[in-house]
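Encoded as structure tokens, the structure appears first; notes follow it.
First the proteins, then the strands, lettered A, B, ... as listed; each starts at 1.
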Amino acid sequence: MASENMSKELHIKDVRKKFEIDNETVEAISNINLDVRSGEFISIVGASGCGKSTLLKMIVGLQKPTSGQIVLGNKEIKGPSIECGMIFQESRLLPWLTIEDNIKFGIHEKLSKNEKKKIINQHIDLVGLKGFEKALPSQLSGGMQQRVSIARALINRPGILLLDEPFGALDALTRINMQNEVLRIWKAEKTTMILVTHDIDESIYLGDRVVVMSSRPGKIKKTINIDLPRPRDRSSDEFIRIRKEIYSEFFKDEQIPVEYNI
Amino acid sequence: MEKQRNNKKIKLKNILETAYSLIIPVLIIVTWELLSKNKVINQSIMPAPSIILNTLKAMIIDGELGKHLGASALRVVQGFAIGASLGIIFGILMGLSNKVNKALSIIVGLLRPIPIIAWVPMLILWMGIDEGSKITVIAIGSFWPILLNTIHGIKSVDEKYLEVAQILEKSKIETLFKVIFPAALPSIFTGIRLGIGTAWMSVVGAEMIAAATGIGYLIMYARELSQPDVMLVEVFSIGIVGLVVDFLVVKLQNRLLKWNVVEKNR
């Protein structure tokens, strides 16, 4: 078990990331500071290329910040570990394994066969895929594959789950369904969640807070608290107001002159 | 009821497909037979299918064909086992390590373009005309396609899977056996399929030069006795064995790799 069902808090301190491309130094992320409370759901919204995926990769440990620190709980992140679970835009399920074997692949701890079977079934139930244990990933729809991916990412009870544009490849209706699924799983597991998305609505619907990132270099422009009760009404006045606020960070409203012919 | 009707439809479809694929072969055989009967084709160099069929029956009955095909097959099995093992081992080493790859790249680049037949005189010099030299020819023939396809398979394992393995704290060994090998298996199988084909083609070449048994030997012997019908029986048997072996390999491949569905309608 990674953390015995305890979700962790995350501190991102003065993180910068530079890349060397064609002998030029490109600053992808510049001076990010963010504190995520234990059990919180944070949405990071930004345009493509603003560095939000790079930020997630640094949190999960696949990349190192050029300077600054990322601390999970009380330990600095030095590399990938089972303390952080992550799901991506593609489900990244191993195509030669069945659903239950894919989830089994995630298990890190040395458990007996029966114990493993028990937690695999628990997680299959958690993501609502009972009955599909022996299916191959190619036999499932995109949404179902993502659910397996979530089950695999949560199997070690990580302190934090990172979601990198997880629903970008799904159709709009499935996307809404999956957003509700994620909320349900979050309520059940209480894991700290960080979601990265370019869908403004999604970021408001899911997050306790929405972090707006600007691009080139990536910086936190604004953090908005979402004080709406769940389940959220996407057409409520407050929701619309927040949507307008975030929208205006990306698009300047142009006044279109209206012509009158009298 | 619906299922029975569908099964009947599928069976009919299969029969029609098989019939369709037989049209051209049957047409060729019929035309060939007619032209032979009318002496348009010189019978002393290209006998009619009916004559070839009779010779085939005779050769099967007296066991000649079987005995020599068996001898060739044995050589192929032995040579292929050696060539495939070395091909996979070196393929894995070169695929996993850039250093090993760089170190061996010149030797590989130099030896690969050499046609296997060119090795035969050297091998006879080094190893004599015994089984050893023939098996080595076949091993060399099987080695190259398997080596190259294994390297390709290992190098093209999707990095996305490797990232998942890293996040799940999988050890390097675990990643190798549980992610890299299964992912590389389709390419390795392609190499094996090509390798078996090359192995079978190499055995005939090797036997034509120095052997006392085997299908290649039979062909040379029949040529010396001016028996074009025997030669043609042997030549076609080579093709038929090759076809059957390839068919079996593909069946095995489909069973082991049934997860390898190329996504068409996503």
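Looking at A:Thr192 and A:Glu40, their side chains never bring a donor and an acceptor atom within 3.5 Å of each other. Between the side chains of A:His11 and A:Asp35, at least one donor-acceptor pair of N or O atoms lies under 3.5 Å. One side chain, B:Asn98 or B:Lys155, offers a donor N or O that lies under 3.5 Å from an acceptor on the other. Side-chain atoms of A:Asp164 and A:Ser53 form a donor-acceptor pair, as typed in the model, at a separation below 3.5 Å.
With sequence neighbours excluded, the residues forming a salt bridge (Lys or Arg N to Asp or Glu O under 4.0 Å) with B:Glu163 are A:Lys57, A:Arg92, listed by chain and number.
When each of A:Ala153, A:Ser81, A:Gly79 is scored by its heavy-atom pairs under 4.5 Å with chain B, the top score falls to A:Ser81.
Interface remark: A:Phe105 contributes backbone and side-chain atoms alike to the contact with chain B (heavy atom separation under 4.5 Å). Of the atoms belonging to A:Leu97, not a single heavy atom falls under 4.5 Å from chain B. Only the side chain of B:Lys170 has a heavy atom closer than 4.5 Å to any heavy atom of chain A.
Geometric assessment of A:Lys134 against the ring of A:Phe132 yields a negative cation-pi assignment under the 6.0 Å and 45° thresholds.
Heavy-atom contacts from other residues, nucleotides or ligands closer than 6.0 Å to CZ of A:Arg184 number more than 12.
Inspection of non-hydrogen atoms places A:Val60, A:Leu62 of residues 58-68 of chain A under 4.5 Å from chain B.
Within the model, atoms NZ of A:Lys78 and CD of A:Gln69 stand 8.0 Å from one another, a figure rounded to the nearest 0.5 Å.
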